[in-house]
Amino acid sequence: MDQPASDPYELASSAASELARRSGLDRHDAVVVLGSGWAAAADELGELVADTPLGDLPGFPTPTVAGHLNLARSVTIGAVRVLVLGGRSHLYEGHPASTVVHGVRTAIAAGCRTVVLTNAAGGFNPQWTVGQPVLIGDQLNLTGTSPMLGPPPPPHKPPRFVDLTEVYSRRLRDLARAVDPGLPEGVYAGLVGGAYETPAEIRMLRAMGADMVGMSTVLEAIAARHLGADVLGIALVTNPAAGLTDEPLDHTDVLNAAREATPRMVALLRGVLEKL
Ligand code: HPA
């Protein structure tokens, strides 16, 4: 149901009510947004409670990108009620920022205080190889937009001008390293995407202090921080960024690399979620 709303927070709250009705869970504790190629992880994350097609929830467009799953899946991991969002909306699909962050806002309206954002990324830190999961330590929002654009948030929501000093929770990064010691950390550059980068753009991003690049995550992280949730970001390096090898960049390779890393990702996500 892709419907415009004058108040995106109201739309998120109606999606959360419908999710509660459909799943039978009056609230969820944490949300995991699965990035490209992470869909296989959805089957192993916890005990299934309910599956709700994303298109049945107000404000969610049907995902159009291969490697995504059209489901809001409610699972339990021990006592923790986890919402797994198998689909994600991207700017490059033509969606506005408010649609891109609608899943995160809905999850927070449904009670989630922890937001786990996963993605596939091109890496340009020479120490990392394909299949390496990386904790996002900080981000560059280079999309040219923000979920904080538009009319001011309604009075019952925090004001804009969100403090982004610690977008990605240090506590959650420490927890992730306790589960999977040796996980490296890096800066994720989020671009509008739609095409991969040029080698010159990768050199620019490197000079700007980024370690990896992708087409998602940064807006969702800002929206989650605005609403006070703690964010954990995990990027999976699925390919060397443009210009670093002679191989052409291909979405199928990205999906394959992600699939091979699924067991490690599942162990990491479960390990973090059950300790929340
Ligand atoms: N660039 C941008 N997004 C990506 C990449 C990349 O190299 N790999 C996976 N997502």
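Counting starts at 1 for both ligands and their atoms, in listed order. Values below: all heavy atoms of this structure, side chains included; hydrogens, waters and symmetry mates excluded. Note that the structure is a prediction, hence the values are computed from the model and not measured.
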What are the atom names and distances for all N or O pairs under 3.5 Å between ligand 1 and the protein?
| residue | atom | partner | partner atom | Å |
| --- | --- | --- | --- | --- |
| ligand 1 | 1 (N) | Glu197 | OE1 | 2.8 |
| ligand 1 | 1 (N) | Glu197 | OE2 | 3.3 |
| ligand 1 | 7 (O) | Asn239 | ND2 | 2.9 |
| ligand 1 | 8 (N) | Gly122 | N | 3.3 |
| ligand 1 | 8 (N) | Asn239 | OD1 | 2.7 |
| ligand 1 | 10 (N) | Ala120 | O | 3.2 |

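Applying the side chain to side chain contact (heavy atoms under 4.5 Å, CB included) test between Val101 and each of Leu219, Leu227, Thr106 identifies Leu219 as the sole match. Under the side-chain hydrogen bond (donor to acceptor under 3.5 Å, both in side chains) test applied with Arg22, the options Asp51, Thr52, Asp56 reduce to a single match, Asp56.
The two residues Glu197 and Glu201 have their closest heavy-atom pair at CA-OE1, 3.3 Å.
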Test Arg88 against Glu93 for side chain to side chain contact (heavy atoms under 4.5 Å, CB included), laying out the working first. CA-CA 10 Å; Arg88 178 183 242 154; Glu93 295 172 87; over 6 Å; no

Dump the intermediate steps for side chain to side chain contact (heavy atoms under 4.5 Å, CB included) on Tyr168 and Arg225, then the final yes or no. CA-CA 9 Å; Tyr168 296 94; Arg225 291 304 298 138; over 6 Å; no

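Ala79 is linked by a side chain to side chain contact (heavy atoms under 4.5 Å, CB included) to nothing, counting only residues two or more places apart in sequence or in another chain.
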